Undergrad: 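Okay, handing you the structure first.
Below, read A as the first sequence line, B as the second, and so on, with proteins coming before strands; counting in each chain starts at 1. Note that this is a predicted model, so its numbers are computed, not measured.
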There are 2 protein chains.
Amino acid sequence: MIRSESTEMYLKTILELGTGKEPVAISQVAERWGVTPVSANEMIKRLAEYGMIRHEPYKGVSLTETGLRQATNILRRHRLWERLLVDHLGVDWAESHDAACQLEHATAEAVTTALDAFLGHPTTCPHGNPIPDPGQPVNEAETRPLSTLEIGQQATIICIHPEETALLNYLAEHGIYPQRTVEVEEIAPLDGPLTVRVGEQRTVIGREAASRVHVAV
Amino acid sequence: MIRSESTEMYLKTILELGTGKEPVAISQVAERWGVTPVSANEMIKRLAEYGMIRHEPYKGVSLTETGLRQATNILRRHRLWERLLVDHLGVDWAESHDAACQLEHATAEAVTTALDAFLGHPTTCPHGNPIPDPGQPVNEAETRPLSTLEIGQQATIICIHPEETALLNYLAEHGIYPQRTVEVEEIAPLDGPLTVRVGEQRTVIGREAASRVHVAV
DNA sequence: CATGATTTTTAGCCATGCCTATAATTTTGT
DNA sequence: ACAAAATTATAGGCATGGCTAAAAATCATG
């Protein structure tokens, strides 16, 4: 009832979309998780009954203590799997996200612990996102979206967030991943694409995608 | 529809219980997989419709080409995970079975392949059972159940099959696992327990459990 | 402050997978 | 050959997690 794959995905989605204090709109959850708003609403109702989330009508949802703890755990499992898949099994950087999404719901606590130890207690996933300590909420790094840089500014890519396979594939093809240095060369008007330089390469990237690439100046 | 966790479990169960040519009784499937015969029957009907199994009424079920291929794949994933869990992550030998049962349904093909390569193409799981090559059916080793030995006979433990957590825990506690040598010292009448020597240790083991320990003389 | 957009709820429906209870059928053992 | 045991089928239910369609409530903006 409380640890089905569905409920876990909802909790994780709410955690990932929640930037800070403000609640997350149900429509956003529905869209990201690919269900209709009605379905999301029903599920949100159930999760609220279970005490995992708080629902302020017409505002959105936020996680309770319990919900936050569980969502954080799922995120932890997800990111640990990604590390194993990429670093040890040689699974593709972009593909690892989907694979971990499946595994995260099928992971016993003992496996999570063993995985963490085997990996040497890593602090970030291959896409740069922090791996929370067990029980602790994630503390986000000090970053800003690539889309907020100005022309000529240089920055280091910290993480891709929220992750999504199509996005990761696109970024991988263009050499955009954590640790690399980028410089914005041009910003098209009307929410148009950014032209950025990554190493020797020059790449054009849409505004929406750029807002998911977080950098430190 | 065709790759739900449930259907996978049914297919795997049928493969595990099927010793060779004869079909497997539905009641056996139901018992092993912990559902009522009625539920198993309904599921068997559906799987037959999907062309995964053949159902000969009052005889039992057997896998079709397609079903065999899929079931074999699941077994392959299961046993590869067990190897990773035990050999690399240090998960308990007995616990690894349940953990792998969960993971096997959440494993993409790319992950299976990567896992196999990382592990160096292992041929058996930690409980001694063969890891099938992709697409190939398993070919069982030449073994006989420990319960068929006579007093004084010595043999090498090859595998535990079918696996089950309670059984594995019991066996682990008594030092009974693949590669070890056993000698039968006493056989109680009326399907009673066997007294066996394993190394320096003397252990009493039930007939049912002994029938799941497969040895080579 | 009214109207249009958004959010929420209700109603009705579907598939999956499980259950119990009961009945019909086939197999098997004496 | 017949009764007991095993197998299969039918009927009716339940929970989860989806869906569409349509109505109701609230928000936001001109």
Undergrad: With sequence neighbours excluded, what pairs up with B/E164 under the salt bridge (Lys or Arg N to Asp or Glu O under 4.0 Å) test?
TA: B/R32, B/R212

Undergrad: At less than 4.0 Å, is any side-chain N or O atom of A/R46 found next to OP1 or OP2 of D/dT16? Yes or no.
TA: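 It does not, given that no N or O in the side chain of A/R46 lies less than 4.0 Å from OP1 or OP2 of D/dT16.
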
Undergrad: Does any part of the side chain of A/I157, heavy atoms only, come nearer than 4.5 Å to the side chain of A/Y177, both counted from C-beta?
TA: no

Undergrad: Compute the bend angle of the helix from C/dC1-D/dG30 to C/dT30-D/dA1 from the end axes (five pairs per end), rounded to 10°.
TA: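 Computed angle between terminal axes is 10°.
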
Undergrad: Starting at atom OH of A/Y10, determine the distance to atom P of D/dG17, rounded to an integer number of angstrom.
TA: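 Spelled out: OH on A/Y10 to P on D/dG17 is 9 Å.
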
Undergrad: Please give, in whole Å, the distance from D/dC19 C1' to A/N41 CG?
TA: 14 Å

Undergrad: Within the distance-only criterion (no hydrogens, no angle test), does the side chain of B/R83 pair as donor or acceptor with the backbone N or O of B/T124 below 3.5 angstrom?
TA: yes

Undergrad: Where along residues 24-34 of chain B does a heavy atom come under 4.0 Å from DNA chain D, residue by residue in number order?
TA: B/I26, B/S27

Undergrad: Please list, chain by chain and in numerical order, all residues satisfying side-chain hydrogen bond (donor to acceptor under 3.5 Å, both in side chains) with B/S39, sequence neighbours excluded.
TA: B/T36

Undergrad: Tell me: CG of A/L47 to C1' of D/dA15, nearest whole Å?
TA: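 Value for this atom pair: 15 Å.
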
Undergrad: Indicate whether OP1 or OP2 belonging to D/dG18 is found under 4.0 Å from a side-chain N or O atom of A/S6.
TA: yes

Undergrad: Could you state the atom-to-atom distance from OH of A/Y50 to C1' of D/dG17 in whole Å?
TA: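 Atom OH in A/Y50 sits about 11 Å away from atom C1' in D/dG17.
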
Undergrad: Taking the side chain as everything from C-beta on, heavy atoms only, tell me whether A/R207 gets closer than 4.5 Å to A/P193.
TA: no

Undergrad: Got a sec, which pairs hit side-chain hydrogen bond (donor to acceptor under 3.5 Å, both in side chains) with one end in residues 97-110 of chain B, sequence neighbours left out?
TA: B/E8-B/H105, B/K12-B/E104, B/H78-B/H97, B/H78-B/E104, B/W81-B/T107, B/E82-B/H97, B/H97-B/E163, B/D98-B/T165

Undergrad: Whole angstroms only, please: what is the CD1-P distance between A/I44 and D/dG17?
TA: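 Checked: the CD1 to P distance equals 12 Å.
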
Undergrad: Under the ring-ring contact (aromatic ring centres under 6.0 Å, His included) test, which residues partner B/F118, sequence neighbours left out?
TA: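 Scan of B/F118 (ring-ring contact (aromatic ring centres under 6.0 Å, His included), adjacent residues dropped) gives B/H88.
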
Undergrad: Rounded to the nearest angstrom, tell me the gap between atom CD in B/E5 and atom C1' in D/dT16.
TA: 14 Å

Undergrad: For a quick test of reading the model: is some side-chain N or O of B/S39 closer than 4.0 Å to OP1 or OP2 of C/dG17?
TA: no

Undergrad: Excluding sequence neighbours, so at least two apart, what forms salt bridge (Lys or Arg N to Asp or Glu O under 4.0 Å) with B/R46?
TA: none

Undergrad: For B/M43 and C/dC18, give me the distance from atom CE to atom P, rounded to whole Å.
TA: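 Going from CE in B/M43 over to P in C/dC18 covers 6 Å.
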
Undergrad: Could you state the interatomic distance from CG (A/L47) to OG1 (A/T66), rounded to the nearest 0.5 Å?
TA: 12.0 Å

Undergrad: By salt bridge (Lys or Arg N to Asp or Glu O under 4.0 Å), which residues pair with B/D133, not counting sequence neighbours?
TA: none

Undergrad: List in chain and number order the residues that pass side-chain contact (heavy atoms from CB on, under 4.5 Å) with A/D92, two or more places apart in sequence or in another chain; answer none if no residue qualifies.
TA: A/A94, A/E95, A/N169

Undergrad: Residues from residues 51-63 of chain B sitting under 4.0 Å of DNA chain D, heavy atoms only?
TA: B/H55, B/P57, B/Y58

Undergrad: Ignoring backbone atoms, test whether B/T36 places a side-chain nitrogen or oxygen under 4.0 Å from the OP1 or OP2 oxygen of C/dC18.
TA: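 For C/dC18, neither OP1 nor OP2 has a side-chain N or O of B/T36 closer than 4.0 Å.
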
Undergrad: Strictly distance-based, threshold 3.5 Å: is any side-chain N or O of A/R76 a donor or acceptor partner for the main-chain N or O of A/P132?
TA: yes

Undergrad: Using a cutoff of under 3.5 Å, can you pull out all pairs of nitrogen or oxygen atoms linking the protein to nucleotides 10-14 of chain C, with atom names and distances?
TA:
none

Undergrad: Please list, chain by chain and in numerical order, all residues satisfying ring-ring contact (aromatic ring centres under 6.0 Å, His included) with B/Y58, sequence neighbours excluded.
TA: none

Undergrad: Look at the aromatic rings of B/Y10 and B/W33 and report parallel, tilted or perpendicular, splitting at 30° and 60°.
TA: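 Correct class here is perpendicular.
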
